[in-house]
Amino acid sequence: MTKSNEAGWNLDNSYARLPESFFSPINPTSVRSPKLIILNDQLATSLGLNIQALRTEEGVAVFAGNQLPEGASALAQAYAGHQFGHFTMLGDGRAVLLGEQITPQGERRDIQLKGSGRTPYSRGGDGRAALGPMLREYIISEAMHALRIPTTRSLAVVTTGEPVFRETKLPGAILTRIAASHLRVGTFEYVAQWGTAQELRILADYTIKRHFPELEAEEHRYLSLLQEVIKRQATLIANWQLIGFVHGVMNTDNMAISGETIDYGPCAFMDVYDPETVFSSIDRQGRYAYGNQPPIAGWNLVRFAETLLPLLDDNEKKAVELAQNEISDFHTLYHTHWLAGMRAKLGLFNEETEDEALIHDLLDMMKKYQADYTNTFRALTFQRHKDTVLFGTPEFEQWQKDWQTRLDRQQESKVASYQLMQSSNPAIIPRNHRVEEALETAVERGDYSVMNRLLAVLSEPYAHSAEQAEYAQVPECSTPYRTFCGT
Ligand code: AMP
Ligand code: MG
């Protein structure tokens, strides 16, 4: 299956050297007539790949799963997870890991094909993916990256030339996903539930080596692992909240140990500020609503901590105490990061005790007057107050005075404050109606121009350029946006 390697694949397979219960070796299922829809040139180059070679028939055959790149040993990873609170066995049901690309910088990046056919973990599923959702993952993950939020990335999307059947017949597609790793809280849950004590130690050591090598020599390295994973999640979730991102399906299998955002299913960005915002049609209880994301991340981390207990101390009671101690830091870590981010969004360099009240007063007004979250901060940044529906309300006028007085109390100039705000408040987020418009034109008409333009605009969210202005507009119609899991 392997051919010459002009594309620059430089794969290792450290995961394939782990205990065999951790995965199932399986090749992608060939597809009829692959066609490259989009290739991420910049990402390809940073991975040490050759764009021209990737665009050839041979190069595209790799993205389609019709040919394995040199050095690949394909496998589907086993994992479990708590889905909407219920523990279950999962695993890569429609994805295979080809291997880990060693980049010119010496980094290790998982190369995964998503939608590549059935695996031993597919249960009733067809192992395939539809074009719309794969392009959606491409657009949103790349937008998240541009927003400086840790995330898996998207290297390419190909169509397969085969239909997939959901509610309707849709064009099949495969996404090539790049990740620091695909280790999930669910991976630990799987090994803790069904593996041996020795296997759990192997998984934890592998994780440390891959993501936290500085901990390797530590005596209490498993406790430090827990600590570091908590820190990364606290930062990640704070970043989501600051930008108005709703993940939509924060099951423990969709929480990466690396601290990257993973699994773009029913996610979406909040328009009007409301902590109860839910987009996913299957999240009827609002478990994964915007405002619930921090406590849910905390809940997921407790599931992670539980898996580590046997490694923390031989005495179970002591182990639980140690874990609880770490977990109790999560909220403070999250809150500290969120508050620092909010201060930056308001141009504040130093800290005052009343800042939190100032921030909450603004958020409360936004909720009360149904103000657009992103555009309110943008209006404040450019002092175009009439751009926000808050403008003219007595509360806002008072708040504005308090805020200006607060700015005057710090050493830094107003110019410096507004610069800080410009780099902390994006002009551009992937607005739901824009994403839908791009997907519709792409999938139904085979016209990718709208999507390509959107991707270009999204790649510089802090540019605040004139041509971006139209992309900042909020849709006229206000029927609640819904996302579906049937991806
Ligand atoms: P997700 O909701 O995307 O996190 O997926 C949950 C589980 O369902 C994972 O184990 C997926 O691999 C599996 N899955 C999702 N879609 C399919 C499909 N079309 N065929 C097989 N397995 C799937
Ligand atoms: Mg998933």
Side-chain angles (χ1 to χ4, degrees), residues 147 241-246 268-279 289-291 338-410 412-434 457 461-481:
L147 287 161
Q241 300 304 97
L242 289 165
I243 218 81
F245 175 76
V246 183
F269 281 73
M270 178 169 67
D271 292 311
V272 165
Y273 175 77
D274 182 355
E276 286 172 26
T277 303
V278 174
F279 294 106
Y290 171 78
W338 177 83
L339 191 54
M342 273 294 173
R343 283 198 174 101
K345 283 171 92 66
L346 290 176
L348 304 178
F349 288 93
N350 65 341
E351 298 175 11
E352 286 187 8
T353 331
E354 302 79 43
D355 292 344
E356 241 188 294
L358 190 74
I359 293 161
H360 281 293
D361 285 348
L362 176 65
L363 293 174
D364 290 347
M365 273 188 294
M366 283 161 82
K367 182 169 156 57
K368 179 174 170 191
Y369 292 100
Q370 303 200 324
D372 183 86
Y373 179 74
T374 305
N375 285 355
T376 299
F377 283 105
R378 186 165 159 267
L380 295 177
T381 302
F382 293 98
Q383 300 149 76
R384 284 199 304 256
H385 295 153
K386 62 178 176 349
D387 285 7
T388 167
V389 293
L390 303 179
F391 181 68
T393 63
E395 289 112 304
F396 181 72
E397 298 310 316
Q398 182 56 48
W399 182 89
Q400 158 79 5
K401 270 192 214 134
D402 295 345
W403 175 47
Q404 289 298 317
T405 316
R406 169 68 179 87
L407 288 175
D408 290 337
R409 277 202 301 272
Q410 61 184 6
E412 288 78 4
S413 67
K414 285 272 174 78
V415 175
S417 281
Y418 289 117
Q419 271 166 0
L420 175 63
M421 291 177 74
Q422 275 188 47
S423 59
S424 312
N425 295 311
I428 299 298
I429 51 160
R431 295 264 174 201
N432 303 317
H433 66 297
R434 287 287 185 182
V457 169
Y462 300 98
H464 298 281
S465 65
E467 58 277 17
Q468 289 182 330
E470 62 173 296
Y471 284 87
Q473 278 166 21
V474 184
E476 298 279 305
C477 105
S478 58
T479 43
Y481 182 68

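By convention here, the first residue in the shown sequence is residue 1.
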Open item on the list: Please report the interatomic distance CG(L362) to OG1(T376), rounded to the nearest 0.5 Å.
Closed with: 7.0 Å
Task: Exceeds 12 heavy-atom contacts within 6.0 angstrom, atom CD of Q370 - done: no
Task: Inter-residue atom distance S424.OG - L348.CG, 0.5 Å rounding - done: 10.5 Å
Task: Heavy-atom check, side chain of L380 versus side chain of T388, under 4.5 Å - done: no
Task: Parallel, tilted or perpendicular: ring planes of Y273 versus Y290, cut at 30 and 60 degrees - done: perpendicular
Open item on the list: If we count only N and O atoms by modelled type, under 3.5 Å, do the side chains of N350 and R406 hold a donor and an acceptor together?
Closed with: yes
TODO: Please confirm whether the backbone N or O of F269 pairs with a side-chain atom of N432, one donor and one acceptor, at under 3.5 Å?
DONE: yes
TODO: Applying side chain to side chain contact (heavy atoms under 4.5 Å, CB included), name anything that partners A416, two or more places apart in sequence or on another chain.
DONE: F349, E412, S413
Task: R431 and Y471, any side-chain heavy atoms less than 4.5 Å apart - done: no
- [ ] Look up atom OG1 in T374 and atom CD1 in I243, then write down how far apart they are to the nearest 0.5 Å.
- [x] 7.0 Å
Task: Inter-residue atom distance I429.CD1 - D271.CG, 0.5 Å rounding - done: 6.0 Å
Open item on the list: Apply side chain to side chain contact (heavy atoms under 4.5 Å, CB included) to residues F377 and M421 and explain how you reach the verdict.
Closed with: CA-CA 8 Å; F377 283 105; M421 291 177 74; 5.7 Å; no
TODO: Look at the aromatic rings of W399 and W403 and report parallel, tilted or perpendicular, splitting at 30° and 60°.
DONE: parallel
- [ ] Taking atom types as modelled, find out whether D402 and Q398 have a side-chain donor-acceptor pair closer than 3.5 angstrom.
- [x] yes
- [ ] State, yes or no, whether a side-chain contact exists between F245 and M270 at a heavy-atom distance under 4.5 Å.
- [x] no
Task: Salt bridge E470-R434, side-chain N to carboxylate O under 4.0 Å - done: yes
Open item on the list: Between D372 and R378, does any NZ, NE, NH1 or NH2 come within less than 4.0 Å of an OD or OE carboxylate oxygen?
Closed with: no
TODO: Could I get the full list of ring-ring contact (aromatic ring centres under 6.0 Å, His included) partners for F382, not counting sequence neighbours?
DONE: H464
